Amino acid sequence: MRYEEVPGHPGVVTASVAEAAAPARALASVLDDDERARAARFLFPVDADRHRVAHVLLRLVLGRHVGELPERLVFLRQPCAGCGGPHGKPYLRGHEVHFSLSHSGDRVLVAVAPVPVGVDVETVPEDSLVRDMTGALHPRERAELDALPASVRPAAFARCWSRKEAALKVSGVGLARGAAEPYVGTAGRPAPVPGLRIADLPPFEGHAAALALLAAPGDHDSP
């Protein structure tokens with residue numbers, strides 16, 4: 001299955017769902033029973049393909065990283081950082097490796113790092129959806145978006161949201177506590193967040209993406 005490294009960001013790879021769908025179907029045997037069952041439950045084939053591409057890619061990348069066959073990898077979950085339930089951040093049994101997976105539209109991203117990592121990709125939405133979702137953001141982010149022309153607001157929103165989800169994935173909290181914090185900004189560079197290094201990834205057509213890594217206190221340089 002074809003995938004490629006994201007320029008300037010070692011450990012981050014990407015694949016196109018449209019290009020990788022057929023190869024991922026051919027490689028579906030590397031998935032476990034739960035992954036295959038989840039793909040089968042999707043109503044629309046494109047959603048099943050997106051799920052399948054994402055999880056085949058994750059297994060291929062991690063298998064290569066840890067030196068195991070992709071089909072032998074076993075994923076478990078930590079307790080949820082929000083509620084303590086058994087659906088928290090995934091980890092790989094028997095291996096000390098940090099990883100993150102995200103998919104949206106035609107794009108899948110996988111990040112592997114020596115420290116806790118979060119990656120996120122978002123499809124740039126219609127402006128009407130931006131107006132519906134802006135209220136969940138930090139007040140400063142809402143004000144920044146309100147000040148923008150409608151023509152550029154969706155891209156700025158997707159940029160902000162991808163940064164925020166990437167940051168929240170580092171700890172495993174996700175959106176369980178809402179999307180107001182941390183403040184990551186909507187401008188051309190991510191706002192500094194204590195303890196994290198956040199960077200926008202090179203743009204993919206119709207998408208925005210970001211990477212976040214756990215960092216020493218006071219270190220806010222780009223990953």
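It should be emphasised that the depicted structure is a prediction, and the values quoted were computed from it without experimental measurement. All heavy atoms count here, side chains included; hydrogens, waters and symmetry mates do not.
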Starting from the C-alpha separation in whole Å, work towards a yes-or-no answer on side chain to side chain contact (heavy atoms under 4.5 Å, CB included) for Leu211 and Arg197.
CA-CA 8 Å; Leu211 173 70; Arg197 300 167 62 208; over 6 Å; no
By the definition side chain to side chain donor-acceptor pair (under 3.5 Å), identify the one residue from Ser104, Ser102, Ser162 that meets it with Asp120.
Ser102
Tell me, with the steps shown, if Tyr3 and Thr14 meet side chain to side chain contact (heavy atoms under 4.5 Å, CB included).
CA-CA 6 Å; Tyr3 60 89; Thr14 185; over 6 Å; no
Shared hydrophobic cluster for [X] and [Y] (ILVMFWY, side-chain gaps under 4.5 Å):
X	Y	result
Leu214	Val97	no
Val61	Phe99	yes
Met133	Leu145	yes
Val152	Leu129	yes
Val121	Leu201	yes

Within this structure, what is the [atom1]-[atom2] distance for the pair [X] and [Y], rounded to the nearest 0.5 Å?
X	Y	atom1	atom2	answer
Leu60	Met1	CG	CE	5.0 Å
His103	Thr123	NE2	OG1	11.0 Å
Arg50	Asp106	CZ	CG	8.0 Å
Tyr183	Arg163	OH	CZ	9.0 Å
Phe157	Arg131	CZ	CZ	12.5 Å
Tyr91	Leu76	OH	CG	4.0 Å

Assess whether side chain to side chain contact (heavy atoms under 4.5 Å, CB included) is satisfied between Val124 and His207, documenting all intermediate values.
CA-CA 5 Å; Val124 176; His207 299 76; 5.6 Å; no
Start with the C-alpha distance between Val12 and Val117, add both sets of side-chain angles, then the distance that settles side chain to side chain contact (heavy atoms under 4.5 Å, CB included), and finish with yes or no.
CA-CA 10 Å; Val12 184; Val117 59; over 6 Å; no
If you take all heavy atoms of [X] and [Y], which pair is closest and at what distance?
X	Y	value
Ser100	Gly118	OG-CA, 3.5 Å
Leu31	Arg52	CD1-CG, 4.0 Å
Thr186	Cys160	CG2-CB, 3.8 Å
Val56	Ala24	CG2-O, 4.0 Å
Ala15	Val53	CB-CG1, 4.5 Å
Ala212	Val170	O-CG2, 3.6 Å

State plainly whether the residues [X] and [Y] are in salt-bridge range, i.e. N to O under 4.0 Å.
X	Y	result
Glu181	Lys164	no
Asp32	Arg72	no
Glu144	Arg142	no

Taking distance alone, no hydrogens or angles, what donor-acceptor pairs closer than 3.5 Å link side-chain atoms of residues 63-71 to residues at least two apart or in another chain?
residue: Glu68; atom: OE2; partner: His95; partner atom: NE2; Å: 2.8

Strictly by modelled atom types, are Arg107 and Ser16 linked by a side-chain donor-acceptor pair under 3.5 Å?
no
State, yes or no, whether a side-chain contact exists between [X] and [Y] at a heavy-atom distance under 4.5 Å.
X	Y	result
Val6	Leu109	yes
Leu92	Val74	no
Val193	Ile198	yes
Arg159	Val184	no
Lys89	Lys169	no
Val112	Leu62	yes
Phe75	Arg93	no
Leu196	Leu213	no

For salt bridge (charged side-chain N to carboxylate O under 4.0 Å, His left out), just list the numbers for Asp49 and Arg25, CA-CA rounded to whole Å, side-chain angles, deciding distance to a tenth of an Å, and then say yes or no.
CA-CA 8 Å; Asp49 281 337; Arg25 288 185 217 117; 2.9 Å; yes
